[in-house]
Amino acid sequence: MTRTPLIAGNWKLNLDHLEATHAVQKLAWLLRDAKHDYSEVEVAVLPTFTSLRSVQTLIDADQLPIRYGSQDISAHSSGAYTGEISGGMLAALGVTYSAIGHSERRQYHGEDEAMVNAKVKAAFSAGIVPILCIGEGLDIRKEGRQVEYTLAQLDGALAEIPAEKVSTIVIAYEPVWAIGTGEVATPADAEEVCGAIRVRLAQLYSDEVAKAIRILYGGSVKSGNIAAIMAEEDVDGVLVGGASLDPEEFSAIVRYRSHVTG
Ligand code: PGA
């Protein structure tokens with residue numbers, strides 16, 4: 001497999017800038033002590049907007065191989081949009097990634113497919129890699145419609161995104177019922193939808209593009225369940241919420257290849 005696994009921590013509304021820099025520092029120390037090879041497994045954190053500048057300063061000063069990103073991005077590049085943060089502003093802070101369309105944004109901030117699509121375009125215009133979050137709620141899962149529902153979200157989010165741009169995107173399949181609930185999808189559940197996403201990417205673009213795109217799983221990932229999830233063919237990493245707030249636990253997740261399974 002040529003896709004480099006990505007382990008990304010979504011810190012949500014947690015950790016102010018002092019706590020965030022402390023967490024990054026501790027994570028870097030733990031991974032250095034464990035001789036983690038970042039070229040084998042990439043590591044990223046998604047702090048709040050107010051922590052990004054401090055995280056950038058630390059990572060630059062200490063030349064840490066940890067990447068960072070935002071949890072959201074404005075669909076607009078500038079103007080009368082009070083409270084928004086543009087892709088250009090984020091790019092100026094050296095962010096690599098922006099999470100887009102997280103289920104909490106969709107649920108609490110009314111983000112629909114058109115908005116998610118506009119944000120994906122805004123990220124690409126600013127040279128930022130979108131981590132596009134998609135996934136079904138419990139009602140849809142109970143009806144057994146998780147694949148069609150998630151693929152419809154994918155189609156909407158990628159509307160008018162050309163093949164030459166899309167191949168760097170990261171897709172995060174996060175079943176809403178598994179987020180923050182302790183209810184983790186089985187590896188087979190994760191693979192069913194991640195595999196279907198890759199097939200759809202091949203239909204929308206090409207086999208080559210589909211093979212290049214990293215697809216993550218997210219939802220109650222911990223050090224105790226990651227290795228089995230990562231063993232699935234179409235899972236190229238994880239988006240971790242709660243468990244990424246503790247550097248010890250997050251570093252154990254990053255080192256999933258050293259876990260003994262079975
Ligand atoms: P969780 O969150 O790991 O706390 O379930 C995942 C996410 O929302 O990205």
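Source: prediction; values computed, not measured. The figures that follow rest on heavy atoms only: side chains count, while hydrogens, waters and symmetry mates do not. Whatever order the structure lists them in is the order used to number ligands and atoms, beginning at 1.
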Do any nitrogen or oxygen atoms of K12 come within less than 3.5 Å of a nitrogen or oxygen of ligand 1?
yes
Is there at least one pair of N or O atoms, one from G242 and one from ligand 1, spaced under 3.5 Å apart?
yes
With no hydrogens and no angle check, do the side chains of [X] and [Y] hold a donor and an acceptor under 3.5 Å apart?
X	Y	value
Y173	E136	yes
S223	E249	yes
T21	S54	no

Please report which non-hydrogen protein atom sits nearest to atom 7 (C) of ligand 1, along with the residue it belongs to and the distance in Å to one decimal place.
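Atom 7 (C) of ligand 1 sits closest to the protein heavy atom E174 OE2, 3.1 Å.
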Please check if the number of heavy atoms outside E164 that lie under 6.0 Å from its CD is greater than 12.
yes
What atoms of ligand 1 come closer than 4.0 angstrom to any heavy atom of H102?
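With H102 as reference, the close atoms of ligand 1 come out as 7 (C), 8 (O), 9 (O).
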G219: numbered ligand 1 atoms lying under 4.0 Å from its heavy atoms
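Counting from 1, the qualifying ligand atoms are 5 (O).
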Working for side-chain hydrogen bond (donor to acceptor under 3.5 Å, both in side chains), residues S77 and S86
CA-CA 5 Å; S77 54; S86 73; over 6 Å; no
With a heavy-atom distance limit of 4.0 Å, tell me whether A178 approaches ligand 1 through its side chain, its backbone, both, or neither.
backbone
When you look for heavy atoms under 4.0 Å from ligand 1, do you find them on the side chain of N10, its backbone, both, or neither?
side chain
Closest to atom 5 (O) of ligand 1 (judged by heavy-atom distance), picking from G241, G180, A243:
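Going through G241, G180, A243 one by one, G180 has the nearest heavy atom to atom 5 (O) of ligand 1.
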Does the pair D112/R105 count as a salt bridge with the N-to-O cut at 4.0 Å?
no
Examine ligand 1 and decide if any of its atoms is less than 4.0 Å from a heavy atom belonging to S220.
yes
What pairs of residues pass the side-chain hydrogen bond (donor to acceptor under 3.5 Å, both in side chains) test when at least one of them lies in residues 147-157, not counting sequence neighbours?
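Passing the test, one end in residues 147-157: D155-R200.
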